[in-house]
2 protein chains.
Amino acid sequence: MVPPRAARTQRRTRIQEQKEERILEAALEVFSLHGYRGATVDQIAEVAGMSKPNLLYYFRTKEAMHRALITRVLDTWLDPLREFDAEGNPVAEFRSYIRRKLEMARDFPRESRLFANEVLRGAPNIEDELKGPLKALVDEKAAVIRAWAKAGKIVACDPYHLIFSIWSTTQHYADFDVQVRAVLGEEKADESRFDDAARFLEQLFIGGLQIRDQGS
Amino acid sequence: MVPPRAARTQRRTRIQEQKEERILEAALEVFSLHGYRGATVDQIAEVAGMSKPNLLYYFRTKEAMHRALITRVLDTWLDPLREFDAEGNPVAEFRSYIRRKLEMARDFPRESRLFANEVLRGAPNIEDELKGPLKALVDEKAAVIRAWAKAGKIVACDPYHLIFSIWSTTQHYADFDVQVRAVLGEEKADESRFDDAARFLEQLFIGGLQIRDQGS
DNA sequence: TGTAGTGTTTACCAACCGGTCAAATTATCG
DNA sequence: CGATAATTTGACCGGTTGGTAAACACTACA
């Protein structure tokens with residue numbers, strides 16, 4: 001009788017976990033494609049293969065569904081940056097960070113688009129998380145980058161805008177996928193697209209970051 | 001009696017032009033903020049300062065309004081790339097192209113977000129224009145860039161992904177404005193944000209493109 | 001001033017949407 | 001098996017949405 005959300009103090013059953021997983025998977029599919037407002041509960045229910053009231057038994061509102069989804073995505077989305085290691089070799093760290101971000105754009109485009117959709121709308125539901133955990137993490141990594149520059153390990157540059165540019169260039173291949181396809185032509189296979197992108201971005205960032213001839 | 005759209009064979013009156021302009025301005029405001037589905041005709045009518053039926057007298061459907069808006073935006077959006085001059089100095093051309101794109105992100109963020117919203121949704125209404133005029137223009141400029149590289153004027157790199165990276169990094173400051181603000185902190189004034197971004201992007205792209213010491 | 005066309009508004013509608021409810025079905029466990 | 005709780009469903013509801021009908025107002029011009 002009592003909806004599972006209220007009974008969460010107890011352990012969740014396996015069936016609840018599975019259903020919630022199926023729902024969030026379907027919600028990701030629909031939200032990422034149509035945005036929050038554009039998605040309908042009926043649509044999500046259909047993709048999840050269950051009736052609307054049944055879906056609403058697990059997530060009482062559309063908003064609850066979206067919130068659960070976006071906080072989860074935001075968390076995994078920051079993993080690559082968390083791995084960014086102050087102790088490692090600077091150039092190697094950037095190289096693997098860029099590669100990880102590009103792989104996420106390739107393998108999890110729906111998550112990227114969900115996030116993009118949310119930020120585009122002004123991030124009404126995640127503003128606090130952006131100003132809190134996200135900002136804190138970026139501040140931390142920016143300090144690392146600045147220290148590297150001061151130590152002469154990489155060229156000096158604004159660490160925040162450097163991170164922004166890595167975010168934007170990599171996520172572009174998920175969020176603007178249709179445009180990229182249209183310009184490159186459909187014949188260009190996915191593999192090739194991402195390989196070319198990886199090669200270019202490495203050239204752009206690593207080439208630009210490495211200390212070489214400082215003249216002119 | 002007859003709606004103006006059908007009477008378009010005749011010249012449009014001044015009042016029609018003005019009203020349509022007011023409507024498209026309001027539509028841009030609302031669509032860019034809430035996306036196609038999230039925007040309501042009532043909302044647009046209110047922003048435009050007229051009643052809904054009155055608005056629908058000038059644009060018979062919500063979709064017609066959106067289509068008129070997006071084709072116009074797409075057109076002006078490509079202007080900076082059109083100005084990209086094959087005869088000019090390569091480095092100077094890139095520098096001014098980046099600056100123009102960044103200025104557009106600063107001065108016309110709504111247009112950028114409208115476009116981003118559309119592409120995110122799979123560009124259902126502009127797919128043809130992406131594969132047609134857009135692709136043609138990019139192909140043309142890509143050839144120019146390749147020729148510059150072959151002539152040794154800039155370093156060799158994939159011209160398509162270079163253009164993508166300029167698009168994504170500059171538009172990021174319009175589309176992900178909320179995130180940028182959250183990370184940099186609200187105290188950072190707009191002017192400073194864009195100045196810093198301009199300085200960084202110049203360093204990234206121009207520094208990376210210029211021919212200097214080629215040794216590892 | 002009459003009238004035809006242009007522009008505007010009030011009232012309205014059918015479809016859709018998020019969400020509820022009560023009843024039915026199924027799983028759990030003594 | 002019996003009983004209790006968990007899950008699922010069809011029917012439904014109030015509010016919103018895109019769009020329409022028709023009357024009304026304004027303007028230009030003979």
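Every chain is numbered from 1, with letters handed out A, B, ... down the list of sequences. Small disclaimer: the values here were computed from a predicted structure and weren't measured.
A distance-only check finds a donor-acceptor pair linking the side chain of Ser32(A) to the backbone of Leu28(A) [under 3.5 Å]. Using modelled atom types, no side-chain atom of Lys52(B) and backbone atom of Gln43(B) make a donor-acceptor pair closer than 3.5 Å.
Among dA6(D), dT20(D), dG18(D), the nucleotide with an atom closest to any side-chain atom of Lys52(B) is dG18(D). Of the candidate nucleotides dT20(D), dT9(D), dT20(C), dT9(D) has the atom lying nearest to any side-chain atom of Asn54(A). Listed candidates were dT8(D), dT7(D), dT20(C). Nearest to the side chain of Gln16(A) is dT7(D). Checking dG19(D), dT20(C), dA11(C) against every side-chain atom of Lys62(B), the shortest atom distance belongs to dG19(D).
For the pair Lys62(A) and Phe31(A), the cation does not sit on the ring face, since its NZ or CZ is not both under 6.0 Å from the ring centre and inside 45° of the axis.
Applying the 4.0 Å criterion to OP1 and OP2 of dT8(C), one finds that Tyr57(B) has every side-chain N and O outside that range. In terms of phosphate contacts, Ser51(B) brings a side-chain nitrogen or oxygen within less than 4.0 Å of OP1 or OP2 of dT9(C).
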Table please: side-chain donor-acceptor pairs of residues 198-205 of chain B below 3.5 Å, with sequence neighbours left out.
unit_1	atom_1	unit_2	atom_2	d
Arg199(B)	NH1	Asp196(B)	OD1	3.3
Glu202(B)	OE2	Arg95(B)	NH1	2.3
Gln203(B)	NE2	Ala156(A)	O	2.6

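The distance between the ring centers of His161(B) and Tyr173(A) falls below 6.0 angstrom. The aromatic ring centres of Phe84(A) and Trp148(A) sit less than 6.0 Å apart.
Rounded to whole Å, the distance from CD on Glu63(A) to C1' on dC17(C) is 16 Å. Distance, Leu55(A) CG to dT20(C) P: 13 Å, rounded to whole Å. Distance, Glu17(A) CD to dA6(D) C1': 16 Å, rounded to whole Å. Between Leu56(B) atom CG and dC13(C) atom P the separation is 18 Å, expressed in whole Å. Between the CZ atom of Arg60(A) and the C1' atom of dG19(C) there is a distance of 12 Å, given to the nearest Å. Atom-to-atom, CZ of Phe59(A) to P of dG19(C) comes out at 13 Å; the value is rounded to the nearest Å. A straight line from CD of Gln18(A) to C1' of dT8(D) spans 16 Å, rounded to a whole angstrom.
Listed in residue order, the members of residues 25-46 of chain A having a heavy atom less than 4.0 Å from DNA chain C are Ala39(A), Thr40(A), Val41(A), Asp42(A).
Between the side chains of His172(A) and Gln171(B), no donor-acceptor pair of N or O atoms lies under 3.5 Å.
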